Number of protein chains: 2
Amino acid sequence: MRAEPDHIRELFRRHDLRCTHQREIVYAELSATNSHPTAEELYQTLHVQDPNISLATVYNTLDAFLGVGLARRIPSSGACRYDAITEPHVHVTTPDGRVVDAPEDLSDRLLAGISPDIIRELEARMGVTVSGLTVQVVTNPATS
Amino acid sequence: MRAEPDHIRELFRRHDLRCTHQREIVYAELSATNSHPTAEELYQTLHVQDPNISLATVYNTLDAFLGVGLARRIPSSGACRYDAITEPHVHVTTPDGRVVDAPEDLSDRLLAGISPDIIRELEARMGVTVSGLTVQVVTNPATS
DNA sequence: TTTGATGCAAAGACTTTGCATGCTT
DNA sequence: AAGCATGCAAAGTCTTTGCATCAAA
């Protein structure tokens, strides 16, 4: 469901982000979809409601979201894809370059197999802090 | 260890790839490193041994490898990274954009948690063929 | 008012491509 | 000899940036 404006404003305040109209509609759209849109796709969609918004602003805005952890960037072949960060979940990369979520139950079962102990050990031994974990299931590339 | 020329030629033949000098040195370099180099990085390294090789050829060559499954492309922020395909393993994305392999034992333990059953079910329900599985552990972005 | 965001266009980073030449088969 | 690969440069994508203007705090 689409987040309410008030909720979004509150979110922004919590993350020290200025509440601009552009940021609001970008976040509303991003959090309402599970299609992992590219910046360009978001721009096309939003351009209808706000013919003034610019592609550069979409990029800047997404960047602001990344900075405060409200969104995640998914590098992929071609343009990067974005998703609003909610629950941990599994991404499936399709042959045509889109990224879709695995069904929730499968996602959960897959993630359940990853023990926190291993992550902790990984952090300790590699000197990193794990802030996220993406299981990316890659499907067959163009076998056409 | 660096693969021997004969072995590489044999590999290429098995995959219906013409054996050119450029492809040979690209593959030798890629399979000898675990640094997941970008095309540009490979080009810089190879340019020493063969001052004639061009960046476009490195790209074309990597593309040929991808096509026959000898290499994998790892989209990442900035330039794509490549690795020669050997065993399944876990990638760790560092804050500065590099991609390093997790230690083998941790990698194995992590992958062991992912049941083939789940993958099979995922294929069945999503109508895809899973050809690879990347567990990408994302570390904290620039917390500096 | 002050500070930061927007929109535009231009620049930048990364990758692909057309074509003449050369090498593998 | 035939056909694909190479090297070069030019063209494409995708993303970032400089700057004047505008909106949020």
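Letters A, B, ... mirror the listed sequences (proteins, then strands); counts begin at 1. Not measured: the values here are computed from a predicted model. Note: hydrogens, waters and symmetry copies are ignored here, and every other heavy atom, side chains too, is used.
- Looking at the side chain of B:Thr20, the nearest of the listed nucleotides C:dT6, D:dT15, C:dT24 is C:dT24.
- Regarding A:Asp50, its CG atom lies at a distance of 15 Å from the C1' atom of C:dC8, rounded to whole Å.
- Taking atom CD of residue B:Gln44 and atom P of nucleotide C:dC14, one finds them 12 Å apart after rounding to whole Å.
- The CD1 atom of B:Ile25 sits 14 Å away from the C1' atom of D:dG7 (whole-angstrom rounding).
- Between the OH atom of A:Tyr43 and the P atom of C:dT6 there is a distance of 14 Å, rounded to whole Å.
- Among the protein residues, B:Ala79 comes within range of the sugar-phosphate backbone only, with heavy atoms under 4.0 Å from sugar or phosphate atoms but none that close to a base.
- The side chain of B:Thr61 lies closest to D:dT6 when the candidates are D:dT6, C:dT3, C:dT6.
- Look at A:Tyr59 and you won't find any side-chain N or O under 4.0 angstrom from OP1 or OP2 of D:dT16.
- Comparing B:Thr38 and B:Leu17, the nucleotide of DNA chain C nearest to each residue sits closer to the 5' end for B:Thr38.
- Between A:Tyr27 and A:Phe65, the angle of the ring planes goes over 60°, which puts this pair in the perpendicular group of the 30/60° scheme.
- B:Glu24 places its CD atom 10 Å from the P atom of C:dT24, with the value rounded to the nearest Å.
- The phosphate of D:dG7 (OP1 or OP2) has a side-chain N or O of B:Thr57 nearer than 4.0 angstrom.
- For B:Leu55, the listed nucleotide lying nearest its side chain is C:dT15; candidates were D:dT15, C:dT15, C:dA9.
- Map A:Asn52 and B:Asn60 each onto its nearest nucleotide of DNA chain C; the residue landing nearer the 5' end is A:Asn52.
- In this structure, B:Gln22 reaches the D:dG7 phosphate: one of its side-chain N or O atoms is under 4.0 Å from OP1 or OP2.
- A straight line from CG of B:Leu62 to P of D:dA5 spans 14 Å, rounded to a whole angstrom.
- Remark: the backbone N or O of B:Cys80 is not paired with any side-chain donor or acceptor of B:Arg73 at under 3.5 angstrom.
- Spacing between atom CG of B:Asp16 and atom C1' of D:dA5 amounts to 16 Å, rounded to whole angstrom units.
- Here B:Leu42 contributes atom CG and B:His36 contributes atom NE2; the two are 12.0 Å apart, rounded to the nearest 0.5 Å.
- Here C:dT25 is the nucleotide among C:dG7, C:dT25, C:dT16 with the atom lying nearest to any side-chain atom of B:Arg18.
- Contact between A:Leu66 and A:Ala71 at its shortest, heavy atoms only, is CD2-O, 3.3 Å.
- Residue A:Asp108 holds its CG atom at 11.5 Å from NE2 of A:His89, rounded to the nearest 0.5 Å.
- Atom NE2 of B:His21 and atom C1' of C:dG22 are 15 Å apart (whole Å).
- Checking C:dT16, C:dT6, C:dC8 against the side-chain heavy atoms of A:Arg23 singles out C:dT6 as nearest.
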